[in-house]
Amino acid sequence: MKLNKKALATAALTGILMAGMPVMAEAVPTYNLEEIVIQAEGVAKSNADTTVNVKSVSPGKAATIPELLRSSAGIDVQQRASAGDNQDGTVKLRGFDARRYTVLLNGRQINSAGVMGGQYVDWTTIPLNTVEKIQIIKGAKSAAHGNTLGGVINIITRDKGVNGGEINILSGSNGRYDYLVNYSGSVGKLNFNVIANKTGADAYLRNNDYDAKQYGLRLNYDITKEDNISAGVNRTETKRWYIIANKPGANYDSSYPISDGESLSPSISNYTLNPGAYWEKDNTYYDFAYRHKTESGFWQIEYWKNDEQRREVNYNAAGTAIDLDRTIVSDQSDNIGISGQTEIDGHTVGYGGEYKRLRYGYGYYDIRPTGSTDQIYPSQKIDLWGAYVDDSWKLNDRWSTYLGLRYDHLSASRDDSRATTMREYDADSLSPKLSLSFRNNAATNTFISVNRLWRSPSMAEYYWWSQNYNSGTKAGATNPGYQQQIKPEKGISYETGVEQKISEKYNTKVTFFYQDINDYINFQHAYPYFCYNINKAKVWGAEWENVFKLDDSNKLILNYTNQHTEKVGATRTDAGMTDALDYRPLHKASLAYQYDAKPWQVRYSVNFTGQQKALYNNTVNTIGSYTIHNLAIVRELDKTRSISFYVDNIFDKQYVEQLGYPMPGRSYYVNLTQKI
């Protein structure tokens, strides 16, 4: 169903006139995967559309973040590897890839600067055994978060708690293993949390083994009743072998599924990855915050830094010698910000500002056996400034509103004198936000939101636009962006819906959304890497979320997403789809059954993904619909121990989430949890 944006704008204006004066503190409503809650806490504190309670969704198992999000309305998960997959499109939020939404870990951004390949999210760096909940803000409705179209995924870990922790040991199909340890404690006013994890899996697709180690420490200290400081460091050391093409013919290995292979990024012309090829990455996150409570709110100062270095190794065809060994310092970004909130005559006023520096570092590569060594120098840098103010308040028991205004500014240039192709770039924008909520009755809440969208080019998009700016043609294709200035994406988003408590046992929520984006940046990360603006892109659809509480022990959760996309002004010269965004299924539905009665917990989920278009070998193809069934059974042995059994893909469905990369069949896992 295609929404009429003029009708939505008219409805918003009508709502303002009906309100007669400023309103709100209660809604944008909050939806919790366990239950629907219409909370009176205000958008300045939490304007999450969906909150995923980790222990409810995946008891006894430290699942990956994409696995935890898979059943949520408005989320698409599309992996090409069963472990360690990190691409722009691994998780999509309302049809947008990782370049167009923001991922936070306890409020700090973890979208990597990415090499020249993209601004991906490294989901493997998130300490799963300390994650408490995941808040999802859909769309650009929050002034506190800028430079985003899809919204925000905020992953929240346990920061304070009683002394104690857990040990998790998991073993399963395809050599999957997890050894996870976390412990929280306190010494006077000091609270701490430590983690030590080791995870991995054998190759399901050819050559695609995976191993990772993780260490982390978080400290939280109450200086006084009003003043608090917190600091954290989280280090992940990952080694993942490249998927090697496995096709019938020469060098085919029948013990692995038929699949395509991966490639280096940044690429080397006519270079083939051979068995044994791998990358290893060391990623360290640092963060620090000082928070001061006032009589009417708080203010805080935050700083975070990313330190990521990646090494890539390839062997010759015979597998007898290394023929490539290169190091890429892929992310040296940092950020400093200040934010606060205060109550003034019934208004909750929020404010903040940030300065973010996206940076790479120096690296090198060594081509063998010739032994020539070349330096990889930083080619570009981006500085982002942002500031916002917002206000939420309540007129009466029925009307409430949220108003926000955000300013964003981007400047980009070369980061080394040798990067002669990088062009100077500068852009800024003001983005107003408006949300209205009307409480129809004690059980029903209606809401509407109208927001301006703005997103500047990512590091990857800026790089490839600059690289190809003076290339009229490349690889026999015409460059649509030849000597054309790249523009930021901008537009308007509309959202309306209603949530209702039908009875004590049944809650439902329906949301309609429409996003109209001008100057959409068309970028396909495939040679010749053309990056240019098209006239526009549109994303629209509906989400229906339901919770049925059958009794005190049994619950059903049903989510459905209908999603449409459209592109205007694209060409086929870059091998991209011209009429729509690819890998966006039209229909998606999930049904989950939850049973909780000590000492047992049972989870049975059914996930349906509808037909979708996908670009493959420069041709638009169709991925057929598929349905996957999963089962989890948890048995509490005593107050400190539990054992869990999982079966994923119960009916051994053969399917792909990305063309060329088949997903695993039926898989079994056993997990033991010991409290300490």
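- Without hydrogens or angle criteria, Lys92 side chain to Gly74 main chain gives no donor-acceptor distance under 3.5 Å.
- Ring pair Trp385/Tyr355 is parallel by interplanar angle, where below 30° counts as parallel and above 60° as perpendicular.
- In this structure, Arg240 pairs ionically with Glu262, as a charged nitrogen and a carboxylate oxygen lie closer than 4.0 Å.
- Ionic pairing of Asp325 and Arg311 is present here: one or more N-O contacts between side-chain nitrogen and carboxylate oxygen are shorter than 4.0 angstrom.
- No side-chain heavy atom of Ser411 sits less than 4.5 Å from a side-chain heavy atom of Ile382.
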Go through Ile155 and Asn106 one step at a time and tell me if the side-chain contact (heavy atoms from CB on, under 4.5 Å) criterion holds. CA-CA 6 Å; Ile155 300 158; Asn106 296 317; over 6 Å; no
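- A salt bridge links Asp334 with Arg357; the closest basic N to acidic carboxylate O contact falls under 4.0 Å.
- Under the 3.5 Å distance criterion, with hydrogens and angles disregarded, no donor-acceptor pair is assigned to the side chains of Lys141 and Asn451.
- In this structure, the side chains of Asn522 and Phe530 stay at 4.5 Å or more apart for every pair of heavy atoms.
- Of all non-hydrogen atoms in Gly139 and Gln515, the two that sit nearest each other are CA-NE2, 4.2 Å.
- For Arg94 and Tyr101, the positive end is not near the middle of the six-membered ring at less than 6.0 Å and at most 45° from its axis.
- Between Lys305 and Asp307, no side-chain nitrogen of the basic residue sits less than 4.0 Å from a carboxylate oxygen of the acidic one, so the salt-bridge criterion is not met.
- Arg406 and Gly146 get closest at one heavy-atom pair: NE-CA, 3.0 Å.
- Note: Tyr278 and Trp241 have tilted aromatic rings, judged against thresholds of 30 and 60 degrees for the angle between ring planes.
- A salt bridge links Arg310 with Glu312; the closest basic N to acidic carboxylate O contact falls under 4.0 Å.
- With a 4.5 Å cut-off on side-chain heavy atoms, Trp304 and Tyr286 do not count as touching.
- Looking at Gln563, its side chain does come within 3.5 Å of a backbone N or O of Gly95 through a donor-acceptor pair.
- Going from atom CZ of Phe447 over to atom OG1 of Thr511 covers 3.5 Å, rounded to the nearest 0.5 Å.
- With a 4.5 Å cut-off on side-chain heavy atoms, Tyr388 and Leu405 do not count as touching.
- Salt bridge status for Arg414 with Asp416: absent, with no side-chain N to carboxylate O gap under 4.0 Å.
- Rounded to the nearest 0.5 Å, atoms CG (Leu93) and CD1 (Ile153) are 5.0 Å apart.
- Annotation: the span from Thr90 atom OG1 to Ile65 atom CD1 amounts to 13.0 Å, rounded to 0.5 Å.
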Applying salt bridge (Lys or Arg N to Asp or Glu O under 4.0 Å) to Lys138 and Glu543, what does each step give before you reach the verdict? CA-CA 11 Å; Lys138 299 173 184 175; Glu543 297 164 356; 3.2 Å; yes
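- Between Tyr285 and Thr125, the side chains place a donor N or O and an acceptor N or O closer than 3.5 Å (distance only, hydrogens not considered).
- Figure legend: Arg100 and Tyr520 shown as a cation-pi pair, the cationic atom lying under 6.0 angstrom from the six-membered ring centre and within 45 degrees of its axis.
- With rounding to the nearest 0.5 Å, the separation of SG in Cys531 from CH2 in Trp464 is 10.5 Å.
- Pro488 and Ala427 get closest at one heavy-atom pair: CG-CB, 3.6 Å.
- For the pair Leu403 and Asp390, the minimum side-chain heavy-atom distance is 4.5 Å or more.
- Contact between Asn562 and Phe513 at its shortest, heavy atoms only, is O-CZ, 4.4 Å.
- The residues Asp383 and Arg359 are annotated as salt-bridged, a charged nitrogen and a carboxylate oxygen being separated by less than 4.0 angstrom.
- Taking OG of Ser493 as the start and CG of Asp516 as the end, the distance is 10.0 Å to the nearest 0.5 Å.
- Ring-plane geometry between Tyr407 and His409 is classed as parallel, the angle between the planes falling under 30 degrees on a 0 to 90 degree scale with a further cut at 60.
- Salt bridge Arg99/Glu489: absent, no basic N to carboxylate O contact under 4.0 Å.
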Apply ring pair (Phe, Tyr, Trp, His ring centres under 6.0 Å) to the pair Tyr290 and Trp299, showing each step before the final yes or no. CA-CA 9 Å; Tyr290 169 79; Trp299 60 266; 5.6 Å; yes
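- With respect to the salt-bridge test (charged N to carboxylate O, under 4.0 angstrom), the residues Arg70 and Glu657 qualify.
- Under a 4.0 Å N-O distance rule, the pair Lys588/Asp76 does not qualify as a salt bridge.
- Neither side chain, Asn306 nor Gln332, offers a donor N or O lying under 3.5 Å from an acceptor on the other.
- Side-chain N/O atoms of Asn283 and Glu308 include a donor and acceptor closer than 3.5 Å.
- A side-chain donor-acceptor contact under 3.5 Å links Thr236 and Gln214.
- When side chains are defined from C-beta on, Ile623 counts as touching Tyr583, because their heavy atoms get closer than 4.5 Å.
- In this structure, Arg218 and Gly232 approach most closely via the heavy-atom pair NH1-CA, 3.8 Å.
- Across all non-hydrogen atoms, the minimal contact from Pro585 to Gln78 is CD-NE2, 3.8 Å.
- Under the 4.5 Å side-chain criterion, counting only non-hydrogen atoms from C-beta, Glu237 is in contact with Arg235.
- By the 4.5 Å heavy-atom criterion applied to side chains, Ser471 and Asn468 are counted as neighbours.
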